[in-house]
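First comes the structure, then the notes that go with it.
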Amino acid sequence: MLAREEEREKLGHKPVKYDGKWPLRRVYGIQEPVSVALSALNLAMQFHGWLSFFILVYYKLPLRLNKRTYYEYTGLWHIYGILAMNCWFWSAVFHSR
């Protein structure tokens, strides 16, 4: 596909779209390096937000007498954060292949 596109470029034609994909060159084995970088950046931001929430809830805000947080839905936010980080990790893996 890339050889054919190089021929088309020499003849002055535009690239052809193949089955929904543009012809791409791999960089260090990564097919879409910008998408991988942005997914990794989203993963880092999600981790930072989850860690900030964890520190806020368990170390900066007061706890109940039974060592539970005053906010009842803390567990749901932890699950959401972990699932979101999992999604961004697999997004980076997907875009690298």
Side-chain angles (χ1 to χ4, degrees):
M1 175 168 64
L2 290 176
R4 185 178 300 154
E5 286 303 317
E6 287 174 3
E7 286 180 30
R8 288 182 60 81
E9 186 178 344
K10 287 177 186 175
L11 295 173
H13 298 295
K14 293 182 179 180
V16 176
K17 195 172 182 182
Y18 296 96
D19 295 323
K21 292 195 141 219
W22 293 99
L24 299 170
R25 291 190 188 274
R26 290 183 181 262
V27 178
Y28 299 113
I30 298 173
Q31 185 172 343
E32 299 172 357
V34 175
S35 295
V36 172
L38 292 176
S39 292
L41 182 64
N42 279 327
L43 172 63
M45 291 296 104
Q46 189 73 38
F47 179 75
H48 180 269
W50 175 74
L51 189 63
S52 297
F53 177 72
F54 183 83
I55 290 171
L56 175 72
V57 167
Y58 288 104
Y59 294 105
K60 293 186 178 180
L61 296 177
L63 298 175
R64 292 182 187 172
L65 295 176
N66 59 0
K67 300 291 184 188
R68 294 184 56 129
T69 61
Y70 278 102
Y71 186 62
E72 297 176 5
Y73 300 108
T74 302
L76 286 175
W77 283 111
H78 286 304
I79 292 169
Y80 170 77
I82 291 169
L83 286 175
M85 287 185 285
N86 183 37
C87 290
W88 285 117
F89 172 76
W90 288 110
S91 172
V93 170
F94 172 78
H95 287 292
S96 68
R97 293 281 146 205

(message) I'd like to know if the side chain of S39 and the backbone of V36 have a donor-acceptor N/O pair within less than 3.5 Å.
(response) no
(message) Treating S91 as the side-chain partner and C87 as the backbone partner, does any N or O pair qualify as donor plus acceptor under 3.5 Å?
(response) no
(request) Under the side-chain contact (heavy atoms from CB on, under 4.5 Å) rule, what do L83 and I79 come out as? Steps first, then yes or no, please. (result) CA-CA 6 Å; L83 286 175; I79 292 169; 3.9 Å; yes
(message) When you compare the side chain of R8 with that of L11, does any pair of heavy atoms fall below 4.5 Å?
(response)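 No. Closest side-chain heavy atoms not under 4.5 Å.
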(request) Classify the ring geometry between W50 and F47 as parallel (under 30°), tilted (30 to 60°) or perpendicular (over 60°). (result)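 If you compare the ring of W50 with that of F47, the planes turn out tilted.
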Cluster question for you: counting only ILVMFWY and a side-chain heavy-atom cut-off of under 4.5 Å, with indirect links fine, are [X] and [Y] together?
X   : Y   : value
F54 : Y73 : yes
I55 : M85 : yes
L41 : F89 : no
L38 : M45 : no

(message) So, using side-chain contact (heavy atoms from CB on, under 4.5 Å) as the criterion, who are the partners of T74 when residues are at least two apart?
(response) F53, V57, Y58, T69, Y71, H78
(message) Tell me whether H48 at atom NE2 has more than 12 heavy atoms from other residues, nucleotides or ligands lying less than 6.0 Å away.
(response)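 For H48, atom NE2 is not crowded (no more than 12 foreign heavy atoms under 6.0 Å).
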(message) Working to the nearest 0.5 angstrom, can you tell me the gap between Q46 CD and N86 CG?
(response) 11.0 Å
